[in-house]
Structures are given as C-alpha cells and as structure tokens.
Amino acid sequence: MKNKTLTTNSVLSILMAILSFAGCGKKEPAEEQPAASSPAAAPAATPIDPTTAATVSGTVKFEGVAPKPAKIDMSQDANCKGSNAAEAVVVADGKLANVFVYVKEGLGNRAFALPKDPVALDQRGCRYHPHVLGVMTGQTVKIANSDPTTHNIHPTPKDNREWNESQAPQAPALEKTFAREEIMLPVKCNQHPWMKMYISVTKSPFYAVTGPDGKFEIKGLPPGDYTLAFVHEKLGEQDQKVTLAAKESKSLDASFKP
C-alpha cells in the first residue's frame, strides 16, 4: 500500500512538473509597440511679401591683364569635339564670368519652398554646361549626356555624399540631389580629366552666377541687412554687406585681381 501511495505521488509530481514547464513555455501576447513616428515634415516656407521684395544686381570685374586661356588636349577621345579652352578664369572686356554670388548671411532661420523644376546639367563637346551651377538643398539636378561618348560624373564633396556614375551616350538623364549646403563643390569626369565644373548648394533661392558680361541679379529678397559672397574657383571669395529697403533695387559691384 505504501509503495502504491509513493507511486501515485510520483506520478502527480511528474504531471505537475510537466504542466509547470508548459506554462513557462507558453508565449505571452506580444506587447503592442507604439507606431513609428513619421519623419518630421519640412518646415513651412516663411512667406515673403512680394510688394516689399527688393533686388540686388551688379557686375563682377577683373582688374589687370586677363590670363590667356590654356588649351586643353582632347586627343585621347576622337568623339570630343568643340572648344578646348580652359574655363578656370573667363574674362571678356574686363568682366569676369562664372562667379557664384549668394546671400551668405542675413536670412536668419527663414525656410524656403523647394523648387519643383530641376536644374539642368549637360555634357556636350566633352565639357560641362554650365561650368558653375547653383541649386537648393534637396532640389533635383538632372544630368544629361549629349555626347557620342561615355562620361563618368564624379562629385568630390566635403559635406555631401560622394558618388561616381558612368553615363553612356543617349542614356536616360541621371537625377541627383544634395542634402547639405556646400559652395563650389567640385565635379569631374574620370573618363576625360579636363572636364571639371562646380555645383554650389544653398539653403535659399537667393543666388546667381555671373555670365560672360560679368552681370548678376538676385530678386525677391525681403528688406534687410545682408552679406553677399562672391566666390570664384581660382580667385577666392569676397564678401560685401548691403542693406535693402522695401522695393529697393540696389547695385553692388565686385572686382577680382589675378
């Protein structure tokens, strides 16, 4: 009888252990996780009253004797035909081209709407067109290849992501954006080492590039005190302060020396 009791107790102990183990192994309902927060929306654009908007324009000059443009040897690729004059310093009648002019200070924490239209960059005659390009942060740069040869577009930034992509003749346009402000970001072609240009990325739409006549114009600025920067790939940077009243159009010239 005693043995029977022990056997019964042993069986009960085993059953309790099995039930206990099963209970430990049972999965609890997963704790509901809070929904992932959506990405922060871009700040709303600060409105500018068009009835008070001001304009600053001017001419960038070159003092002294303009350097004679160096000739580029394009003989490595028979498909490269066109002007072979270097674009490092382009001067005509004492006016300096390819100077990037932008509002460096004075806009505070204003936010600006992103342009819907992309800016265009073409490869034609084994040259970049334009040589200096302005774009806002986040705005699309649409890169085309109009040449009958393959190009290799390679930006070498300090503050943005570096990339390097080949583009065959008649290939679809590449579409790229830059996330951070960076002035005179160098771009080169690994296939054709003479091909160089610069992209300036700004947080605002208030910029311009001087043409062959050295002229620039920046419109739509709210009244205020500003610092304008004039930046050239070889000749450096000059800053000038300007105060714009409501609806004022002011002239501001700059000059560079060799």
Side-chain angles (χ1 to χ4, degrees), residues 40-60 96-122 128-144 155 157-161 173-187 197-211 213-233 237-254:
T46 307
I48 296 174
D49 183 355
T51 64
T52 65
T55 299
V56 59
S57 61
T59 303
V60 180
L96 183 61
N98 296 324
V99 178
F100 186 74
V101 188
Y102 76 107
V103 175
K104 185 176 182 179
E105 296 175 353
L107 292 169
N109 295 322
R110 283 179 176 269
F112 302 94
L114 189 66
K116 295 180 181 178
D117 295 330
V119 295
L121 176 60
D122 192 15
Y128 285 115
H129 301 269
H131 182 68
V132 175
L133 178 71
V135 64
M136 278 185 67
T137 53
Q139 185 180 8
T140 299
V141 179
K142 196 168 185 177
I143 306 167
K158 293 180 179 178
D159 301 321
N160 284 278
R161 180 180 65 85
L174 299 174
E175 295 191 353
K176 300 292 182 179
T177 60
F178 297 88
R180 298 175 183 85
E181 187 170 68
E182 185 168 351
I183 305 303
M184 300 300 273
L185 184 164
V187 180
M197 61 88 60
Y198 295 85
I199 295 176
S200 286
V201 187
T202 69
K203 296 178 181 178
S204 87
F206 300 119
Y207 61 81
V209 180
T210 60
D213 58 1
K215 294 185 181 300
F216 74 94
E217 183 180 56
I218 299 174
K219 300 187 294 185
L221 276 162
D225 298 320
Y226 300 103
T227 298
L228 259 63
F230 299 79
V231 191
H232 187 269
E233 64 183 271
E237 176 178 333
Q238 294 183 18
D239 294 349
Q240 292 194 41
K241 295 187 180 297
V242 61
T243 297
L244 297 173
K247 300 177 68 174
E248 184 177 15
S249 292
K250 184 167 283 188
S251 179
L252 188 69
D253 296 338

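Quick caveat, the model's predicted, so the values are computed rather than measured.
Here the side chains of Val99 and Val231 are not in contact, with every heavy-atom distance at 4.5 Å or above. In this structure, the side chains of Thr46 and Phe112 stay at 4.5 Å or more apart for every pair of heavy atoms. At least one side-chain heavy atom of Ile48 sits under 4.5 Å from a side-chain heavy atom of Arg110. Counting heavy atoms from C-beta on, the side chains of Lys215 and Ser57 never come closer than 4.5 Å. Val187 places a side-chain heavy atom less than 4.5 Å from the side chain of Pro155. A 4.5 Å side-chain heavy-atom check between Val141 and Thr177 finds every atom pair outside the cut-off.
With values rounded to the nearest 0.5 angstrom, Thr227 atom OG1 is found 3.0 Å from Lys241 atom NZ. Note that CE of Met184 and NZ of Lys158 are 12.0 Å apart. Values are rounded to the nearest 0.5 Å. Remark: Thr243 OG1 to Glu248 CD distance equals 8.5 Å, nearest 0.5 Å. Annotation: the span from Asp117 atom CG to Lys142 atom NZ amounts to 10.0 Å, rounded to 0.5 Å. One distance of note links CG of Leu121 with CG of Leu174; it measures 9.5 Å at 0.5 Å rounding. Going from atom CG of Leu133 over to atom CD1 of Ile199 covers 5.5 Å, rounded to the nearest 0.5 Å.
Taking the centre of each ring, Phe100 and Tyr198 stay at or above the 6.0 Å mark. Taking the ring centroids of Phe230 and Phe216, they lie under the 6.0 Å cut-off.
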* Give the C-alpha distance, both sets of side-chain angles, the deciding distance and a yes or no for side chain to side chain donor-acceptor pair (under 3.5 Å) between Glu237 and His232. => CA-CA 6 Å; Glu237 176 178 333; His232 187 269; over 6 Å; no

* Asked: Given Leu221 and Thr55, is the side chain to side chain contact (heavy atoms under 4.5 Å, CB included) satisfied, shown in steps?
  -> CA-CA 6 Å; Leu221 276 162; Thr55 299; over 6 Å; no

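Shown here for Val101 and Ile218, the closest heavy-atom pair between the two residues is O-CD1, 3.9 Å. The two residues Pro222 and Phe206 have their closest heavy-atom pair at CD-CZ, 4.3 Å. Of all the heavy atoms in Leu96 and Thr210, the pair that sits closest is O-OG1, 3.0 Å. The shortest heavy-atom contact between Ser200 and Ile183 is OG-CG2, 3.7 Å. Of all heavy-atom pairs spanning Leu185 and Pro157, the tightest one is CD1-CB, 3.5 Å. Here the shortest heavy-atom pairing between Ala113 and Ala45 reads N-CB, 3.6 Å.
Looking only at distances, a side-chain donor or acceptor of Asp253 sits under 3.5 Å from a matching main-chain atom of Thr59. With hydrogens and angles ignored, the 3.5 Å screen pairs a side-chain donor or acceptor of Thr202 with a backbone N or O of Ser204.
Residue Lys219 qualifies as open at atom NZ: its count of foreign heavy atoms under 6.0 Å is 12 or below.
Under 4.0 Å is where a charged nitrogen must lie from a carboxylate oxygen, and between Glu182 and Arg180 no such pair does. Salt bridge Glu181/Lys104: absent, no basic N to carboxylate O contact under 4.0 Å.
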